[in-house]
Amino acid sequence: MATTNEKIVEQARVDQVIQNIDQQIQQTKQAIKAAHQETRAVEQNYGENASINRYEIDDIAESRSALEQQRQLVARASENEDILKRQLATLQELRKSPYFGRIQIQEPGSNEVETLYIGIASLMNSDKTDFLVYDWRAPISSVYYNGNLGKVTYDTPAGQQTVKLVQKRQFTIVDGQITNMFDTNETVGDEMLQAALGQQNDQTMQNIVATIQQEQNDIIRNTSSDLLVVQGVAGSGKTSTILQRIAYLLYHAKESLNADQIVLFSPNQLFSQYISEVLPSLGERNMRQVTLTGFLKRRFEGLNVETIFDRYEQQNQAPRAGQHFLESTAAMEAVQQYLSELQTGQQQLSFTNINFHERVFFSAQHITDIFNQQPVAMSIPDRLIRTKNILIREVQKRSRQEAQKDWLQKELNQIDTQAIHRLMGKHTIDDFPDEQAQVRYLARRLAHQRLRVVADAVYNNYFLDFSSQYADFLHHLHWPAAVPTATRHAIIEQYQHAIEFHQLPLMHTAPLMYLRDLITGNGQNRNFQFVFIDEMQDYSSAMLIYLHHTFPEARFTILGDSEQALFYPLQLPEQLLKTVAEDLQAHHPKLITLRQSYRSTTEITNFAKALLPDGQQIHAFIRHGDVPTLTMTYNDQEWAAQLTKLVQQELQSLPTVAILTKNQTQAQKVYHALYRKVSTLSRLTSHDTKLPHRGVVILPAYLAKGLEFDTVILADVSQQSLGKQATGLLYTMATRATHRLSMISNGPVSDAFTETATRQLVVSREAMEKGE
Ligand SMILES: Nc1ncnc2c1ncn2[C@@H]1O[C@H](COP(=O)(O)OP(=O)(O)OP(=O)(O)O)[C@@H](O)[C@H]1O
């Protein structure tokens with residue numbers, strides 16, 4: 001234990017470091033001012049240049065490239081300013097708490113003990129000769145997270161190094177004052193973790209940099225795997241860890257990686273907002289974030305794609321055989337097979353007409369003929385490119401014919417002088433021998449412009465009818481025996497019916513996107529270096545294969561908890577790794593399992609783990625709180641009264657209360673029961689992007705995924721409400737609570753409540769007792 005004297009010495013050091021930070025803050029502010037002026041100057045220049053060239057931009061490639069150069073200058077200047085601003089933010093963070101750890105190490109063969117301080121960012125003294133603080137991501141800092149005292153090894157770019165760890169000290173520094181400090185031999189001591197977890201905060205996720213645990217550190221610092229699968233129980237820090245990992249990767253590949261080359265697939269938009277503060281608090285820019293729903297929406301513009309949330313709303317049970325097959329690896333292999341049949345001509349591409357002014361401009365037959373004339377040995381995408389080139393040349397040729405047609409002459413007569421001016425481009429009247437020549441020129445230019453829609457249609461592959469192509473694929477598919485013929489027909493029929501109404505069931509998305517990309521050779525993004533997928537249990541094998549196809553250069557980190565799977569059957573982690581590694585063709589796959597749950601109190605975790613058949617593998621963190629409660633009610637009135645009572649009771653001690661339901665129908669029921677009785681009440685839907693700061697928030701379980709709340713009420717855990725096979729659902733909902741969990745069952749309780757789980761609860765039967 002550190003002595004009072006040591007504390008005085010340490011506080012003096014903190015004061016000194018803060019003085020240094022203050023100087024650097026001043027310098028950075030000056031630099032920002034200068035950078036801002038620079039940005040303004042470049043922007044102004046850009047604005048002027050851009051406006052001069054606007055009328056000519058159509059024609060002059062040169063002005064385009066000049067503009068591009070200007071745009072890059074602006075981007076660079078403002079990036080420079082952004083970097084400085086982030087530096088300032090980091091310095092301001094450091095000012096509050098310059099560091100959280102100190103290690104004393106001894107190099108082999110040396111008697112000298114070196115003392116290093118570790119914080120969220122590195123900080124040098126004024127003359128840049130010494131590190132006052134080491135970044136937590138520096139190679140040497142891993143000693144702090146991984147090692148017990150004694151001999152410790154750590155990785156550096158030059159290979160593994162060994163040192164003797166002589167002492168490890170942890171600090172809590174609040175607003176420049178050491179509030180707690182102790183020496184420890186553990187990975188990162190319990191006391192600090194207790195303090196971090198005991199806090200109340202369910203608005204935004206915090207970084208865990210000061211208390212990263214050893215097994216989490218392995219995930220954060222892994223750079224050798226192209227596929228990292230993390231299977232972690234609820235609340236084991238999967239999300240926290242990957243955000244730290246992103247910060248780590250950004251630090252380690254500073255020169256070759258930036259935040260825009262990392263994408264995180266998050267479970268819902270609330271989650272995106274919930275985690276949005278973590279990276280900035282570590283001085284890094286946020287990675288790209290997307291939900292699966294958002295991703296699919298962008299890939300199927302114009303179609304209403306069934307969302308994972310729709311599925312949660314509609315479905316109770318495991319997927320049926322047909323859907324199961326379309327979402328499997330086998331379906332994606334079938335797409336590849338179908339493509340090779342298209343290649344050899346066993347199957348035909350579905351072309352469609354390109355229309356212009358409500359008449360057929362290029363008929364499907366004409367396009368088919370051109371395509372069929374291309375060498376069979378060429379890949380389909382290459383044959384399509386040649387087809388497109390031929391079509392574009394035809395458009396150009398035909399624009400001369402169109403220029404003489406009535407419709408065009410009519411339009412030409414109607415356009416205003418400014419439009420004429422634009423059509424003339426760099427030409428003047430003097431360039432033409434007579435007026436007729438000028439009119440002919442203008443007609444050609446106008447026709448060329450009007451036919452640009454046709455050229456665009458060709459360019460964008462609008463002559464390919466992917467919907468029918470995919471229907472054809474479904475017809476030719478070798479369905480497994482588990483899918484009866486009647487079901488196959490029904491699936492195809494439903495698909496065609498849905499497409500007619502511009503809808504697309506989720507089960508078709510991966511094979512359809514894959515088919516489309518393989519045919520066109522488009523859809524791949526080589527810019528992304530890392531893809532993170534949270535809540536992998538929501539992703540089918542087919543979707544993972546597609547994501548791998550679409551991000552071919554990326555390394556994948558996939559996180560999940562198969563216990564929280566609401567649709568897919570439970571898989572053992574090793575089996576899961578094998579399947580995913582095959583799907584993603586990984587060369588260096590690695591599985592890391594997290595079994596310690598940090599989020600909830602011991603009492604809540606003990607209840608949640610008792611719900612699961614293999615729950616004994618989950619370790620509850622020892623942080624005590626109230627025993628979770630279950631209240632039985634026997635009719636709607638009693639239920640509503642009990643819910644109101646509970647909410648009001650909880651609101652007395654905490655500013656926010658989360659009420660979780662199975663779906664929106666139940667969320668509505670809760671809303672009706674409470675509105676008029678509770679002043680700040682919000683019901684969230686999948687379109688919401690922000691959690692309210694105060695009051696009662698009602699949301700279905702699938703929107704609470706990945707989130708946590710200080711106090712959680714499960715509105716109705718009866719058998720009737722949760723339905724069959726509700727273990728995963730109940731487990732997911734219960735594990736959202738950090739401090740308090742209460743449940744109400746309106747009628748007999750769900751059979752997901754095992755006997756051991758029920759023994760972990762305080763059960764009351766108020767209504768029955770009153771009624772007796
Ligand atoms: N090493 C740690 N130090 C401090 N807090 C931690 C640590 N690890 C996890 N936590 C806290 O535990 C809680 C759960 O973490 P997180 O949300 O990352 O878990 P998860 O595994 O993604 O959970 P789930 O799958 O249930 O959504 C968070 O409040 C997080 O801050």
Side-chain angles (χ1 to χ4, degrees), residues 200-205 234-235 239 266-276 291-294 307-316 534-535 537-538 564 566-567 599-600 604 608 628 639-640 643-644 646-647 650-651 654-675 677-718 721-723 726 728-744 746:
Q200 282 166 6
N201 182 346
D202 49 19
Q203 292 304 318
T204 50
M205 182 172 242
T239 308
S266 16
N268 55 58
Q269 300 191 85
L270 291 170
F271 177 91
S272 303
Q273 183 256 343
Y274 171 65
I275 64 168
S276 60
T291 59
L292 183 60
T293 305
T307 67
I308 188 99
F309 313 120
D310 297 335
R311 201 179 257 190
Y312 280 123
E313 286 294 331
Q314 288 146 18
Q315 206 169 301
N316 294 327
D534 206 348
E535 306 285 346
Q537 58 277 8
D538 287 349
Q564 294 181 57
L566 305 189
F567 296 142
R599 175 180 294 129
S600 314
I604 296 171
W639 170 80
L643 183 67
T644 313
L646 201 53
V647 168
E650 294 295 316
L651 277 177
L654 288 161
T656 43
V657 173
I659 304 182
L660 305 189
T661 62
K662 181 182 175 180
N663 52 26
Q664 284 296 1
T665 316
Q666 288 180 14
Q668 258 158 356
K669 191 173 161 192
V670 170
Y671 187 86
H672 284 299
L674 292 180
Y675 113 108
K677 307 214 170 87
V678 179
S679 58
T680 5
L681 184 65
S682 354
R683 183 169 70 80
L684 301 183
T685 71
S686 58
H687 301 293
D688 281 296
T689 53
K690 276 200 164 93
L691 283 167
H693 283 290
R694 301 193 71 74
V696 178
V697 37
I698 309 164
L699 66 171
Y702 57 82
L703 289 184
K705 274 173 156 254
L707 305 182
E708 63 188 32
F709 303 92
D710 293 336
T711 180
V712 169
I713 297 174
L714 306 191
D716 187 0
V717 292
S718 63
S721 152
L722 296 190
L729 175 66
L730 185 58
Y731 175 74
T732 306
M733 293 201 288
T735 51
R736 298 308 97 199
T738 49
H739 301 300
R740 292 169 61 78
L741 172 67
S742 327
M743 294 167 276
I744 307 178
N746 190 18

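Residue numbers start at 1 and run along the sequence shown.
- For the side-chain contact (heavy atoms from CB on, under 4.5 Å) test, residues two or more places apart in sequence or in another chain that qualify with T689 are Q269.
- Taking CG of N746 as the start and CG of L643 as the end, the distance is 10.0 Å to the nearest 0.5 Å.
- The side chain to side chain donor-acceptor pair (under 3.5 Å) test applied to T239 returns D534, not counting sequence neighbours.
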What do the steps show when you test T307 against Y702 for side chain to side chain contact (heavy atoms under 4.5 Å, CB included), and what is the final call?
-> CA-CA 12 Å; T307 67; Y702 57 82; over 6 Å; no
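- In this structure, CG in D538 is found 4.5 Å from CD1 in I308, a value given to the nearest 0.5 Å.
- Considering only residues two or more places apart in sequence or on other chains, S686 meets the side-chain contact (heavy atoms from CB on, under 4.5 Å) condition with F309, L703.
- Among all heavy-atom pairs drawn from R740 and A737, the shortest one is O-CB, 3.4 Å.
- Residue E535 holds its CD atom at 10.0 Å from OG of S266, rounded to the nearest 0.5 Å.
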Run the numbers on L722 and L729 for side chain to side chain contact (heavy atoms under 4.5 Å, CB included), then give the verdict.
-> CA-CA 8 Å; L722 296 190; L729 175 66; 3.9 Å; yes
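- Rounding to the nearest 0.5 Å gives a distance of 9.0 Å between OG1 of T656 and CG of L691.
- Residues V647 and L681 are not in side-chain contact: their nearest non-hydrogen atoms beyond the backbone lie 4.5 Å or more apart.
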Output, in order, the C-alpha distance, side-chain angles, deciding distance and verdict of side chain to side chain contact (heavy atoms under 4.5 Å, CB included) for V657 and V678.
-> CA-CA 11 Å; V657 173; V678 179; over 6 Å; no
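- Between Y671 and Y675, the ring-plane angle classifies as parallel under the 30° and 60° cut-offs.
- For S718, the side chain to side chain donor-acceptor pair (under 3.5 Å) partners two or more places apart in sequence, or in a different chain, are D716.
- Of all the heavy atoms in R694 and T680, the pair that sits closest is O-CB, 4.4 Å.
- Looking only at side-chain heavy atoms (C-beta outward), T735 and I604 stay at 4.5 Å or farther from each other.
- In terms of heavy atoms, S721 sits closest to K662 at O-CD, 3.4 Å.
- Counting only N and O atoms by type, the side chains of Q668 and Q666 include no donor and acceptor under 3.5 Å apart.
- Considering only heavy atoms from C-beta on, W639 comes within 4.5 Å of I744 through its side chain.
- Taken to the nearest 0.5 Å, the CG atom of L699 stands 5.5 Å off from the CG atom of L660.
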Please report the C-alpha distance between R736 and R599 in whole Å, then the side-chain angles of each, then the deciding distance to 0.1 Å, and finally whether the side chain to side chain contact (heavy atoms under 4.5 Å, CB included) criterion is met.
-> CA-CA 8 Å; R736 298 308 97 199; R599 175 180 294 129; 3.3 Å; yes
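- Looking only at atom types and distance, the side chain of T738 has a donor-acceptor partner in the side chain of D710 under 3.5 Å away.
- Evaluation of the side-chain contact (heavy atoms from CB on, under 4.5 Å) rule for A667 yields T661, Q664, R683, I698 as partners, not counting sequence neighbours.
- Minimum heavy-atom separation, F709 to A658: CG-CB, 3.4 Å.
- A 4.5 Å side-chain heavy-atom check between N268 and D688 finds every atom pair outside the cut-off.
- Scanning both residues, V697 and P692, for their nearest heavy atoms gives CB-CG, 4.2 Å.
- The CG atom of N663 sits 5.0 Å away from atom CD of E313, with the distance rounded to the nearest 0.5 Å.
- A734 approaches L714 most closely through the heavy-atom pair N-CD1, 4.2 Å.
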